[in-house]
Amino acid sequence: MTQRRAPQISSRKQPQQARSTELVAAILEAATQVLAKEGAHRFTTARVAEKAGVSVGSVYQYFPNKASILFRLQSDEWEQTTKLLRGILEDDRKPPLERLRSLVHAFLQSECEEAGMRVALNDAAPLYRDAPEAQKARDAGERIFQAFMQEALPNASKGTRELAGDLITTTFSTVGKDFSGSPRTPSEIKAFANAMADMFCAYLQDLGCR
């Protein structure tokens, strides 16, 4: 059986000079606009080049195909999420459950603000989700959350912590996507975040007492 080759999604080269850095920034900005307007299925390198006002060849200097452009947009989004996780969950000045509550509010706010782009990136995921680079990017966020679960449930078994972590992160992803699928007011976001945070905190408190 022939094994399917993973798509090439890494950039061809990294910009070294200010001019090339500006070019890549212009390409990525154009890509964001094309993705938001056309969606993943109508996203093409030619449309990105046209929007950026550059030749297709200029795009190919840095990105070998449209999958690599979309993966760069997704990587930037993952990097923002990882920074969000690290900034909140590693703040040991606050108790774990307070950190989790803060994360719920920040995550739902972010989901609602960037709903359109995240839906489009999710549609594009089949182009790169099986590539090693994609798994590496996802692993960074998972390690942060695993370390937090160790701190939140120090006396629980490894299996219990892993189950609880999977349940919370899956709920984050699934419920956040569904909730942000419709326009939400600030009061609706706050109320929903409070309810979700209450649910997570009660769950972890129950596990910690066993």
Side-chain angles (χ1 to χ4, degrees), residues 6 9-10 70-181 184 186 188-210:
I9 60 174
S10 296
L70 290 165
F71 179 68
R72 173 61 183 272
L73 296 180
Q74 179 66 85
S75 294
D76 289 347
E77 196 275 330
W78 277 334
E79 183 177 352
Q80 292 174 4
T81 300
T82 299
K83 288 181 179 178
L84 177 70
L85 285 171
R86 180 171 286 115
I88 295 175
L89 295 184
E90 294 183 353
D91 184 4
D92 57 9
R93 296 170 299 176
K94 300 177 181 178
L97 295 187
E98 185 177 335
R99 281 178 256 164
L100 180 58
R101 183 173 292 278
S102 295
L103 179 63
V104 172
H105 280 267
F107 177 80
L108 281 180
Q109 183 67 44
S110 175
E111 283 286 295
C112 291
E113 289 176 351
E114 303 173 9
M117 180 57 65
R118 290 186 176 179
V119 168
L121 286 173
N122 185 65
D123 290 340
L127 294 172
Y128 51 73
R129 65 185 171 197
D130 296 328
E133 296 97 327
Q135 185 59 51
K136 182 179 179 180
R138 290 191 293 264
D139 287 346
E142 291 176 5
R143 286 193 296 270
I144 294 171
F145 206 84
Q146 289 169 2
F148 169 77
M149 293 305 296
Q150 172 73 53
E151 187 177 358
L153 297 171
N155 299 319
S157 67
K158 180 180 178 181
T160 296
R161 288 196 301 270
E162 289 179 348
L163 175 61
D166 286 344
L167 188 149
I168 291 174
T169 54
T170 300
T171 302
F172 261 134
S173 176
T174 305
V175 176
K177 184 188 303 181
D178 182 73
F179 180 75
S180 63
R184 303 292 182 177
E188 287 176 329
I189 296 172
K190 182 178 180 180
F192 197 89
N194 281 333
M196 181 182 282
D198 288 344
M199 179 179 67
F200 287 155
C201 289
Y203 174 54
L204 293 186
Q205 285 174 325
D206 180 63
L207 290 179
C209 293
R210 295 182 185 180

Gap separating the [atom1] atom of [X] from the [atom2] atom of [Y], nearest 0.5 angstrom:
{"X": "Gln146", "Y": "Thr169", "atom1": "CD", "atom2": "OG1", "value": "9.5 Å"}
{"X": "Asp123", "Y": "Leu70", "atom1": "CG", "atom2": "CG", "value": "10.5 Å"}
{"X": "Met149", "Y": "Leu207", "atom1": "CE", "atom2": "CG", "value": "7.5 Å"}
{"X": "Glu111", "Y": "Ile189", "atom1": "CD", "atom2": "CD1", "value": "10.5 Å"}
{"X": "Gln150", "Y": "Glu162", "atom1": "CD", "atom2": "CD", "value": "10.5 Å"}

Quick check: closest heavy atoms across [X] and [Y], and the distance to 0.1 Å?
{"X": "Leu153", "Y": "Leu204", "value": "CD2-O, 3.5 Å"}
{"X": "Thr171", "Y": "Met199", "value": "CG2-CE, 4.3 Å"}
{"X": "His105", "Y": "Lys190", "value": "CE1-O, 3.7 Å"}
{"X": "Gly176", "Y": "Leu108", "value": "CA-CD2, 4.0 Å"}
{"X": "Ala197", "Y": "Arg101", "value": "CB-NH1, 3.5 Å"}
{"X": "Leu84", "Y": "Ala106", "value": "CD1-CB, 3.7 Å"}

Inset, instruction - Just do the side chain to side chain donor-acceptor pair (under 3.5 Å) check on Gln109 and Glu113 with the steps written out, would you? - result: CA-CA 6 Å; Gln109 183 67 44; Glu113 289 176 351; 3.0 Å; yes
Inset, instruction - Please report the C-alpha distance between Phe172 and Val104 in whole Å, then the side-chain angles of each, then the deciding distance to 0.1 Å, and finally whether the side-chain contact (heavy atoms from CB on, under 4.5 Å) criterion is met. - result: CA-CA 8 Å; Phe172 261 134; Val104 172; 3.7 Å; yes
Is the shortest side-chain heavy-atom distance between [X] and [Y] below 4.5 Å?
{"X": "Asp76", "Y": "Arg72", "answer": "yes"}
{"X": "Glu77", "Y": "Met117", "answer": "no"}
{"X": "Ile168", "Y": "Phe145", "answer": "yes"}

Donor-acceptor pair, [X] side chain versus [Y] backbone, under 3.5 Å?
{"X": "Arg161", "Y": "Ala156", "value": "yes"}
{"X": "Thr170", "Y": "Leu167", "value": "no"}
{"X": "Arg99", "Y": "Lys94", "value": "yes"}

Legend entry - Check: Phe107 ring centroid to Phe179 ring centroid under 6.0 Å: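 No, too far apart.
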Inset, instruction - List the steps, then state whether side-chain contact (heavy atoms from CB on, under 4.5 Å) holds for Leu85 with Phe148. - result: CA-CA 10 Å; Leu85 285 171; Phe148 169 77; over 6 Å; no
Legend entry - Check: Glu98/Ser102 side-chain N/O donor and acceptor closer than 3.5 Å: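 Checked: Glu98/Ser102 side chains show no N/O donor-acceptor pair below 3.5 Å.
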Legend entry - side chain to side chain donor-acceptor pair (under 3.5 Å) partners for Ser157, two or more places apart: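 Per chain and number, Ser157 pairs via side chain to side chain donor-acceptor pair (under 3.5 Å) with Thr160.
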Inset, instruction - In sequence, state the C-alpha distance, the side-chain angles, and the governing distance for Thr82 and Glu79, and then conclude on side-chain contact (heavy atoms from CB on, under 4.5 Å). - result: CA-CA 5 Å; Thr82 299; Glu79 183 177 352; 5.6 Å; no
